[in-house]
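Numbers here are sequence positions counted from 1.
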Amino acid sequence: APRGPSETPHPLLGTRGGSWAAWMPPAVAGLEGTCVVLPCRFEYPEELRPAAVHGLWYFGSPYPKSYPPVVARSRPAAVHESFAGRAELLGDTGLRDCSLRLWRLSPELAGKYYFRGDLGGYNQYSFSEHTTLEVLGELGGALRDTVGSLGSLGAVGSLGHDGVIGVPCVPGVPVCCGVPFPPNPPSPPTPVEPQVVGLWGPSEVVEGAQVELGCEAEGRPLPLLSWFRGAAVLREEPATPALRLLLPRVAPAHAGAYSCVAENRHGRHNRTLLLRVAYAPRAPVVNGTLWVVAGEPVTVTCGADSDPAPILTVLRGRRALAVAVYEARVTLELAAARPEDAGEYLCLAENQHGQRATAFNITVEYPPVVLPESRCTAGGGDGVRCVCSAAAVPEAAVVFELPSRNLTVAEGHRDFAAAPRGGPGTGGGPGGGVTGILTLRGALEPRLAVLCAARNPHGVTARQLRFHHPGQHRGLVWAKVGPVGAVVAFAIVIALVCYLSQSRQMLILGTRPLGSTPFRGHSHLGTLPYRDTPMALATPPAPPT
């Protein structure tokens, strides 16, 4: 009976290597429904001296983290359902023989097969070398008869070229396919350390664009190519000369260094590409003192993230108060805040890719200020209407003081009314202008004084209200100047009328008023005597009394 592959010694098993290495045919072909052997041997560093050597075969990928199907193991354990009862690790891994046998071949078994050595602990290695299995269709009639007769004779059929073709398994006859190593096997190819020979891709892109990076490498055996960003593996492919990385829609977080790494058992090499992602400014962030008391300093910082760096401007209305060009932040400083500094401001960030703005308010607290429109005005038959308006932050409480009556009129009094909120003020934060209205009815005292008083946590202020006269109003004149002032004013008016009347009468009679001086002309004319002008009057007027 013919010997199976496990009974056939391999000529290369007597050699020993000093590093991880594996040898197997690059391609094997087998007929559908037959069996096939993938010859394999491997080496590992002598200094490891393992107590036991095990191994397993993967289908499609050599790396456990990608969870490839397990084809066969050297020790009993679970394998993928596709290979259960159809695969066997035929070689003795202790003798560095990793040959694999597959039977009942079907199209789904076609693909790449990878071997992984396991010496225990961390001493495990996945070889990038692999064998590609091709499953061919059924044999024609003549060839089937030939193979059948060969099988009945215990022969082993094979077709050479680049791989091996198995023969159908004949029931009752232990015949399978196999590929013996040649009597004088070729030496392994000269190893070449990997080298990344090409790297391409843009160095700068705009946010949202699609980016493709690529690299090429050389080495023997063909290296494992990987794309890294930091310590993260983005993509990898074993035994390939080139590898591309696609970033479908880049964001600022994708900016950084991308490294292409090529490695095989003889070495490792990498090259790095820097990717910059340009983007419009993000919404500015405002920090600082936004609520102060009048007289205190104000410092507000505004910053925005963008690439390239933005132009930052702090605006109030259309007026620019602070500007920073191509910097990450701008600072607005006020040495001493004033009430008029309160209000809305805008921080604007812009570059060639767009702009964003953030509004903010500065509130300035200050003690009350009585406004100029505070006064008392005659209201016809309704008496007098007094208005007390004050601006303050926080909002002030206003009252009317009447010292002569020893009376304070505040909100809640029947003669007190509050005007609508708002009015003149700061416009920043709560508060602003507040107005109270006092209505005085009936006769007014001669010495009546009305005070407007306003109070908030920062202070109190008071001012006597003036009386406004839209027309003649004797009651208001009397209340303003008092009885003594009225008598004096009346005497002055009477005296002025008498003087003007006397002067007119003397001019008509041709006499000058007492104490008058003769007219003096130029010096060469001398002094002209005063002459009475004859008048056609019957009798002289009586002297003024």
Side-chain angles (χ1 to χ4, degrees), residues 1-8 10 22-42 55-62 67-74 76-93 97-116 127 129-181 238-239:
R3 295 181 301 170
S6 61
E7 299 171 330
T8 304
H10 296 304
W23 291 269
M24 62 189 71
V28 171
L31 290 172
E32 184 175 359
T34 68
C35 54
V36 69
V37 172
L38 310 184
C40 168
R41 65 175 297 270
F42 68 101
L56 56 86
W57 281 86
Y58 285 133
F59 178 75
S61 172
Y67 302 104
V70 177
V71 177
R73 300 175 184 267
S74 60
V79 298
H80 193 271
E81 58 183 6
S82 299
F83 298 95
R86 305 173 67 181
E88 176 189 9
L89 204 163
L90 192 63
D92 184 350
T93 53
D97 183 356
C98 49
S99 299
L100 173 69
R101 178 166 61 186
L102 300 167
W103 60 90
R104 291 186 305 181
L105 297 181
S106 58
E108 66 267 19
L109 301 187
K112 296 179 180 180
Y113 289 77
Y114 296 87
F115 179 69
R116 178 177 176 85
F127 297 96
E129 294 83 358
H130 60 276
T131 293
T132 301
L133 173 64
E134 180 182 3
V135 178
L136 306 177
E138 293 184 356
L139 291 172
L143 183 55
R144 185 185 300 111
D145 295 339
T146 303
V147 172
S149 63
L150 290 174
S152 65
L153 295 176
V156 177
S158 65
L159 294 177
H161 63 278
D162 294 333
V164 177
I165 296 181
V167 301
C169 297
V170 180
V173 179
V175 176
C176 194
C177 62
V179 180
F181 282 98

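- Across all non-hydrogen atoms, the minimal contact from Pro238 to Pro62 is CG-CD, 3.8 Å.
- Closest approach of Trp103 to Gly85, counting heavy atoms only: NE1-O, 2.9 Å.
- Counting all heavy atoms, side chain and backbone alike, Ser74 lies closest to Leu89 at N-CD1, 3.7 Å.
- Taking both residues in full, the closest heavy atoms of Phe59 and Leu109 are given as CE1-O, 3.7 Å, listed atom of the first, atom of the second, then distance.
- In this structure the side chain of Ser61 never reaches within 4.5 angstrom of the side chain of Tyr67, judged on heavy atoms.
- Leu31 places none of its side-chain heavy atoms less than 4.5 Å from the side chain of Leu105.
- Counting only heavy atoms from C-beta outward, the side chains of Val71 and Leu102 approach each other to under 4.5 Å.
- Note that SG of Cys98 and CZ of Phe115 are 4.5 Å apart. Values are rounded to the nearest 0.5 Å.
- The side-chain contact (heavy atoms from CB on, under 4.5 Å) check on Leu56 picks up Tyr58, Arg73, Arg116, with sequence neighbours excluded.
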* To do: Begin from the C-alpha positions of Val36 and Leu133 and carry the test side-chain contact (heavy atoms from CB on, under 4.5 Å) through to its verdict.
  => CA-CA 9 Å; Val36 69; Leu133 173 64; 4.1 Å; yes
* Asked: Going through the distances and angles, do Glu134 and Lys112 end up as a salt bridge (charged side-chain N to carboxylate O under 4.0 Å, His left out)?
  -> CA-CA 9 Å; Glu134 180 182 3; Lys112 296 179 180 180; over 6 Å; no
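- Without hydrogens or angle criteria, Arg101 side chain to Val37 main chain gives no donor-acceptor distance under 3.5 Å.
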Just list the side-chain donor-acceptor pairs under 3.5 Å for residues 77-84, sequence neighbours left out, or say none.
from: His80; atom 1: ND1; to: Ser82; atom 2: N; distance (Å): 3.1
from: His80; atom 1: ND1; to: Ser82; atom 2: OG; distance (Å): 3.2

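- Side-chain contact check for Ser106 and Arg86: at least one donor-acceptor pair (N or O, by modelled atom type) lies under 3.5 Å.
- Judged as a side-chain contact (heavy atoms from CB on, under 4.5 Å), and not counting sequence neighbours, the contacts of Thr131 are Met24, Pro25, Val28, Leu38.
- The closest side-chain heavy-atom distance from Tyr114 to Phe127 is not below 4.5 Å.
- Shown here for Ser99 and Asp97, the closest heavy-atom pair between the two residues is OG-OD1, 2.8 Å.
- Taking the six-membered ring for Trp and the full ring otherwise, the centers of Tyr113 and His130 sit at least 6.0 Å from each other.
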